[in-house]
Asker: 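Okay, here's the structure, questions in a sec.
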Amino acid sequence: MPGQKASEATRREQILSAAYDVASRSGIDGLTVRAVATRAKVSHGLVLFHFKKRDQLISALLDRVLSTTLLLQVSEEVARIPHALDRLRALLRQEMDRLSSEPRRIRLFFEYWALGTRRAAIRVKISEELERYRAAFRATTEDVLRSEPTRFSRVTPDGLAAVAVSFINGCAVQAMIDPDHFDIKEYLTAVRGVI
């Protein structure tokens, strides 16, 4: 008696997970329909049923990478911190920890960034998601500016959000470059010393 057939949504998810595994190991150039089918343990035809061509698979994987990389979720612990600047610092730490612990995902994100220099649709999608990510910091940066007007004179909420995202991305890049030796505590100590 044959096993139960998986739903289309389940198969699609299985294929996207396999695509992520392939691309995070071999890069976007290594993302072939055959490699994904092999990794997902499905037929080449089933991959093409869900993603009519390789470009559709690449686009769907980009959506997954962006939704898991550029999604700010303020933890309850961070949200309960009463002082706005301490809350921003904790949020930075949370995001630095999260992104620096996923160097393969960050490498794949930057590979898509480079691909976006040649493909307008990818460039636009990444730019929109980066703007959403920065915007997610604005409520916190507005609180900081209200509570610390002297310390941050002539700084806008958008400007402070851009600096926050720059620190996070810089941390993620360093973790991607040398994941075995990157030390987030050392990074943060150095940042405090420089600033």
Side-chain angles (χ1 to χ4, degrees), residues 16-17 20 23-24 59-117 120-195:
L16 275 175
S17 291
Y20 174 78
S24 67
S59 181
L61 182 58
L62 171 60
D63 292 340
R64 169 168 289 188
V65 168
L66 292 175
S67 71
T68 57
T69 305
L70 299 176
L71 177 64
L72 180 65
Q73 295 181 328
V74 180
S75 71
E76 288 184 31
E77 181 182 334
V78 170
R80 285 193 303 263
I81 297 172
H83 189 259
L85 186 54
D86 290 338
R87 190 167 53 254
L88 177 60
R89 287 177 178 143
L91 187 56
L92 288 170
R93 177 63 188 257
Q94 170 194 296
E95 286 297 284
M96 288 177 186
D97 283 339
R98 180 178 71 86
L99 292 177
S100 67
S101 69
E102 303 170 357
R104 287 177 28 198
R105 183 183 321 267
I106 297 304
R107 184 184 59 74
L108 190 53
F109 170 79
F110 282 109
E111 195 168 332
Y112 271 110
W113 178 271
L115 188 58
T117 63
I122 289 175
R123 183 173 53 252
V124 167
K125 195 178 278 193
I126 290 173
S127 293
E128 289 172 352
E129 289 304 314
L130 282 169
E131 178 50 36
R132 272 192 208 85
Y133 187 64
R134 265 192 309 273
F137 281 89
R138 286 190 190 118
T140 303
T141 59
E142 287 169 354
D143 289 347
V144 168
L145 297 179
R146 273 193 298 275
S147 68
E148 304 272 348
T150 305
R151 176 180 265 186
F152 294 100
S153 67
R154 298 187 321 214
V155 175
T156 65
D158 287 336
L160 187 52
V163 168
V165 171
S166 296
F167 276 126
I168 293 164
N169 288 338
C171 179
V173 167
Q174 293 306 311
M176 174 189 68
I177 291 170
D178 191 6
D180 295 331
H181 299 101
F182 179 74
D183 181 342
I184 195 163
K185 289 179 184 172
E186 179 183 10
Y187 181 88
L188 292 172
T189 300
V191 168
R192 280 188 215 105
V194 169
I195 295 174

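Atom set for the values below is all heavy atoms of this structure, side chains included, hydrogens, waters and symmetry mates excluded.
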Asker: Can you check whether K125 reaches D63 side chain to side chain, under 4.5 Å on heavy atoms?
Answerer: yes
Asker: State, to 0.1 Å, how close S100 and P103 come at their nearest heavy-atom pair, and which atoms those are.
Answerer: O-CD, 3.7 Å
Asker: Is there a side-chain contact between L62 and I126 in this structure, where contact means two heavy atoms from C-beta onward sitting under 4.5 Å apart?
Answerer: yes
Asker: With the side chain counted from C-beta on, respond yes when L188 and R93 share a heavy-atom pair under 4.5 Å apart, and no when they do not.
Answerer: yes
Asker: Find out whether E102 and T68 are in side-chain contact, i.e. whether some heavy atom of one side chain is under 4.5 Å from a heavy atom of the other.
Answerer: no
Asker: Report yes or no: does R105 contribute a side-chain atom to a donor-acceptor pair with the main-chain N or O of L99 at less than 3.5 Å?
Answerer: no
Asker: What is the distance from atom CD1 of I106 to atom OG of S24, rounded to the nearest 0.5 Å?
Answerer: 12.5 Å
Asker: Mind checking side chain to side chain donor-acceptor pair (under 3.5 Å) for S127 and listing every partner two or more places apart, or none if nothing turns up?
Answerer: none
Asker: Is there a donor-acceptor pair closer than 3.5 Å between any side-chain N or O of R134 and the backbone N or O of A164?
Answerer: no
Asker: Rounded at 0.5 Å granularity, tell me how far OG1 in T189 sits from CG in D183.
Answerer: 8.0 Å
Asker: To the nearest 0.5 Å, how far apart are OG in S147 and CD in E142?
Answerer: 12.0 Å
Asker: Please determine whether a side-chain nitrogen of the Lys or Arg among E129 and R64 lies less than 4.0 Å from a carboxylate oxygen of the Asp or Glu.
Answerer: no
Asker: Are the side chain of Q94 and the backbone of S75 linked by a donor-acceptor contact shorter than 3.5 Å?
Answerer: yes
Asker: If the test is side-chain contact (heavy atoms from CB on, under 4.5 Å), which one of L72, L91, L92 qualifies with I168?
Answerer: L92
Asker: For a quick test of reading the model, state the closest non-hydrogen atom pair linking Y133 to L71 and the distance between them.
Answerer: CD1-N, 4.1 Å
Asker: Is it true that a side-chain atom of R138 and a backbone atom of P157 form a donor plus acceptor pair closer than 3.5 Å?
Answerer: no
Asker: Keeping the roles fixed (side chain from Y187, backbone from C171), state whether a donor-acceptor pair exists under 3.5 Å.
Answerer: yes
Asker: First locate atom OG1 of T156, then atom CG of L145, and finally report the distance between them rounded to the nearest 0.5 Å.
Answerer: 7.5 Å
Asker: Between T69 and L66, is there a donor-acceptor pair closer than 3.5 Å when you use the side chain of the first and the backbone of the second?
Answerer: no
Asker: Please round to the nearest 0.5 Å and tell me the distance separating atom CE of M96 and atom CZ of R98.
Answerer: 12.5 Å
Asker: For the residue pair W113 and F109, categorise the inter-ring angle as parallel (less than 30°), tilted (30 to 60°) or perpendicular (more than 60°).
Answerer: tilted
Asker: Could you tell me whether the side chain of F152 reaches within less than 4.5 Å of the side chain of T141, counting heavy atoms only?
Answerer: no
Asker: Starting from the C-alpha separation in whole Å, work towards a yes-or-no answer on side-chain contact (heavy atoms from CB on, under 4.5 Å) for L85 and R151.
Answerer: CA-CA 11 Å; L85 186 54; R151 176 180 265 186; 2.5 Å; yes
Asker: From F137 CZ over to L88 CG, what is the distance, rounded to the nearest 0.5 angstrom?
Answerer: 7.5 Å
